[in-house]
S.K.: 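First the structure, which I've put down as structure tokens, then a few questions once you've had a look.
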Protein chains: 2
Amino acid sequence: MADVARLAGVSVSTVSYALSGTRPISLSTRERIEQAMLDLGYTPNAFARGLKSKRSRIIALLFPARAGSLRLNALECIVGASDHAQQRGYHLMLWTGVEAGDDLTQLAGQGLVDGALVMGVRLHDPRIQVLVDAGVPFAMIGHDADPGEIDFTDTDFEQSARLAVGHLVEQGHQRLGFLGDGENPRPEKALRRAASMAGADLVAVDAGASVDAGRGAFTRLLQADPNLTAIIAFNEHAVPGVMRAAGDLGRRIPQDLSIMCIDMPPHVAELTTPPMTTVEPSAAHVGRAAVDMLLRRLNGDTAPPRQLLFGGELNLRGSCAPAPSADDLHHGSTARQRRHQE
Amino acid sequence: MADVARLAGVSVSTVSYALSGTRPISLSTRERIEQAMLDLGYTPNAFARGLKSKRSRIIALLFPARAGSLRLNALECIVGASDHAQQRGYHLMLWTGVEAGDDLTQLAGQGLVDGALVMGVRLHDPRIQVLVDAGVPFAMIGHDADPGEIDFTDTDFEQSARLAVGHLVEQGHQRLGFLGDGENPRPEKALRRAASMAGADLVAVDAGASVDAGRGAFTRLLQADPNLTAIIAFNEHAVPGVMRAAGDLGRRIPQDLSIMCIDMPPHVAELTTPPMTTVEPSAAHVGRAAVDMLLRRLNGDTAPPRQLLFGGELNLRGSCAPAPSADDLHHGSTARQRRHQE
DNA sequence: CTGAAAGCGCTTACAG
DNA sequence: CTGAAAGCGCTTACAG
């Protein structure tokens with residue numbers, strides 16, 4: 001910057017003001033400065049700027065990677081958030097595997113980031129308190145049990161559940177199963193509510209993030225209700241197990257059993273046979289909205305906490321069909337046996 | 001730091017040296033300083049440190065997100081790199097959608113990052129030259145046409161191709177098809193080589209990242225060789241189209257047609273029916289190795305450029321089977337028609 | 001409209 | 001083994 005000032009024949013402070021635009025500069029001066037910056041290929045030093053102004057224009061993305069159980073939508077959410085931040089002149093810094101404890105306290109204390117985005121928020125998430133204590137502004141993607149004072153964006157599970165259940169009930173399904181991931185209890189709660197409002201029965205089980213877990217879950221679902229005709233899943237890693245277990249028992253999807261996923265990205269939904277019907281919010285949207293919330297806070301917005309829920313869209317693909325008729329059900333086991341003997 | 005020094009009764013320089021360990025400090029002094037830091041909950045300011053030392057301990061991850069065509073393995077690679085960097089005391093900063101041009105030049109000039117990792121490297125990637133010119137140390141994940149002077153890690157496509165072709169030829173397949181993504185030409189080249197070494201025929205087509213593109217690609221593959229019995233794909237987004245187009249023509253997978261993917265993560269491979277046989281390197285490994293390479297350079301290593309290729313593993317699932325016998329082939333069309341009329 | 005100067009919180013020669 | 005001081009490259013009151 002000193003070089004620029006010299007070349008333009010002005011003081012460094014004038015260069016700085018020209019750069020920030022925080023005070024009027026005469027046209028000719030401004031032009032000389034701009035020319036000098038171009039000639040020298042000057043870019044302001046981020047550290048000097050950060051040190052003095054106490055603003056880094058960096059935000060942290062807290063991303064608890066329990067390897068293996070990564071939701072495939074996470075990448076889209078991250079990229080959405082990052083693109084958006086970048087457009088607004090901010091950088092996104094990845095903090096993976098940072099849990100509450102010294103790590104986070106240290107990181108937050110370094111003054112490196114102006115704020116944080118917290119992904120994968122659990123119901124009782126100790127990271128939240130650490131951030132509050134550290135005085136780091138943040139917004140959550142997902143939300144904890146009591147988000148009271150904190151901005152967040154999340155999937156609107158109530159709306160998603162109504163969409164999912166609505167579609168299935170319309171198709172004549174009355175006995176539904178739910179497959180959760182054992183971590184986020186919101187989908188199940190929402191589904192229970194939606195089912196009871198729609199007058200449908202719902203049984204629910206959780207499963208880990210594996211094919212085998214899905215197989216086991218299917219068995220448990222059938223034990224809970226041998227006559228269920230549709231399954232709603234919030235556990236993309238267990239779904240293949242469910243589908244195969246159903247196939248093994250001769251239940252064809254979608255003729256004998258409908259299945260639908262919440263929060264599975266489109267290109268993944270296309271991989272199953274039949275392709276998976278989904279209710280799915282735009283993960284990129286959720287990420288972008290969280291960035292917006294946070295930036296508003298960083299710019300001094302003191303409005304009460306905002307909580308933005310994003311509804312999903314129903315994407316009909318091929319894994320749901322009208323419920324088998326009572327007649328089908330009656331003869332079901334015979335038909336299934338026949339198929340199995342082929 | 002001034003507070004710490006006061007509380008410990010020493011000078012700030014002593015505190016700084018105690019922190020960095022770059023010169024001997026008496027035990028009692030060190031203890032007083034450490035106690036003071038604890039009492040005050042002190043964490044060094046990252047900007048002051050960066051400004052003075054010219055090292056930020058931040059590395060950029062250049063991640064060109066052409067939305068929609070994100071490889072699902074990318075997330076694992078990113079998380080692998082980030083975890084690893086974090087363990088080594090570095091931060092990973094996401095630069096999505098940053099292409100060659102002013103953006104990159106600016107970012108590189110800010111002095112914010114000590115180095116960069118470049119993902120999604122194309123054969124002639126203008127970002128490379130920009131980084132070289134800016135004097136930012138970097139390593140590539142993937143590599144361009146002429147990586148001469150630059151460190152990189154990548155999938156070992158030659159080895160992967162040998163594995164894939166080897167398995168198929170062992171199973172009696174002699175007429176193979178390849179489905180590329182139209183961006184990375186290496187898989188096709190490697191496959192051609194592997195096929196010719198194994199004495200198998202290979203026809204190749206490219207497709208965009210969509211189901212429809214996959215359908216079209218299957219048609220073109222059959223035009224190129226109506227008798228192919230196996231397909232190797234490096235295009236996870238088009239694979240569903242291939243599978244469905246095959247199904248529409250009555251070709252059962254794997255009995256009539258084997259299919260195999262390169263670079264598809266395990267939990268995605270489980271989603272198809274039958275589950276997809278893959279040849280797949282550990283994306284997390286590739287990411288970690290790139291971090292290691294870069295950090296070595298940052299620490300002054302001047303060894304000649306290193307180029308690390310990671311071989312894939314063959315994961316047999318269910319999408320490949322022995323080639324149909326000549327007899328099967330002969331009666332194939334009749335059999336297919338029969339199935340279609342059912 | 002512009003300049004001279006203090007200071008952000010560290011690191012690191014220089015001196016003892 | 002320890003301290004006093006310069007300086008990294010900016011921003012921003014203060015002064016004109």
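Per chain, numbering begins at 1; letters A, B, ... match sequence-line order.
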S.K.: Can you work out whether Met1(A) or Arg23(A) has the more 5'-proximal nearest nucleotide on DNA chain D?
M.R.: Met1(A)
S.K.: Please check the phosphate of dT11(C) (OP1 and OP2 only) for any side-chain N or O of Arg49(B) closer than 4.0 Å.
M.R.: yes
S.K.: Between atom CG in Leu51(B) and atom P in dG7(C), what is the gap in whole Å?
M.R.: 17 Å
S.K.: Kindly say whether, by distance alone, the side chain of Lys52(A) makes a donor-acceptor pair under 3.5 Å with the base of dG7(C)?
M.R.: yes
S.K.: What is the distance, to the nearest angstrom, from the CE atom on Met37(B) to the P atom on dC10(C)?
M.R.: 11 Å
S.K.: Using a cut-off of strictly less than 4.0 Å, decide whether Ser11(A) has a side-chain nitrogen or oxygen near OP1 or OP2 of dT2(C).
M.R.: no
S.K.: Which nucleotide sits closest to the side chain of Tyr42(A): dT2(C), dC10(D), dC10(C)?
M.R.: dC10(D)
S.K.: Return the value, rounded to whole Å, for the distance between atom CZ of Phe47(A) and atom P of dT11(D).
M.R.: 15 Å
S.K.: Under a 3.5 Å cut-off for both contacts, is dA4(C) paired Watson-Crick or G-U wobble with anything, and if yes, with which nucleotide?
M.R.: none
S.K.: Regarding Tyr17(A), tell me which of base, sugar-phosphate or nothing describes its non-hydrogen contacts under 4.0 Å with the strands shown.
M.R.: base
S.K.: Which atoms form the tightest heavy-atom contact between Arg30(B) and Ala18(B), and what is the distance?
M.R.: NH2-O, 4.2 Å
S.K.: Return no unless some side-chain N or O of Ser53(B) is found under 4.0 Å from OP1 or OP2 of dT11(C).
M.R.: no
S.K.: Measure CD1/Ile25(B) against C1'/dG3(D) and give the value in whole Å, please.
M.R.: 11 Å
S.K.: Looking only at non-hydrogen atoms, find the nearest pair between Val286(A) and Ile141(A) and report the distance.
M.R.: CG1-CG2, 3.8 Å
S.K.: With a 4.0 Å cutoff (strictly under), does any side-chain N or O of Thr22(B) reach OP1 or OP2 of dT11(C)?
M.R.: no
S.K.: Name the closest nucleotide to the Ser13(B) side chain, picking from dA13(D), dG3(D), dC10(C).
M.R.: dG3(D)
S.K.: Output yes when Arg306(A) and Asp301(A) qualify as a salt bridge under the 4.0 Å nitrogen-oxygen rule, no when they do not.
M.R.: yes
S.K.: When you check the phosphate oxygens OP1 and OP2 of dG9(C), does a side-chain N or O of Lys54(A) lie under 4.0 Å from one of them?
M.R.: yes
S.K.: Is the ring pair His143(B)/Phe152(B) parallel, tilted or perpendicular, if the boundaries are 30 and 60 degrees?
M.R.: parallel
S.K.: Of all heavy-atom pairs between Leu117(A) and Ala290(A), which one has the smallest distance, and what is that distance?
M.R.: CD1-O, 3.8 Å
S.K.: Ignoring backbone atoms, establish whether Ser26(B) has a side-chain N or O less than 4.0 Å from OP1 or OP2 of dC1(D).
M.R.: no
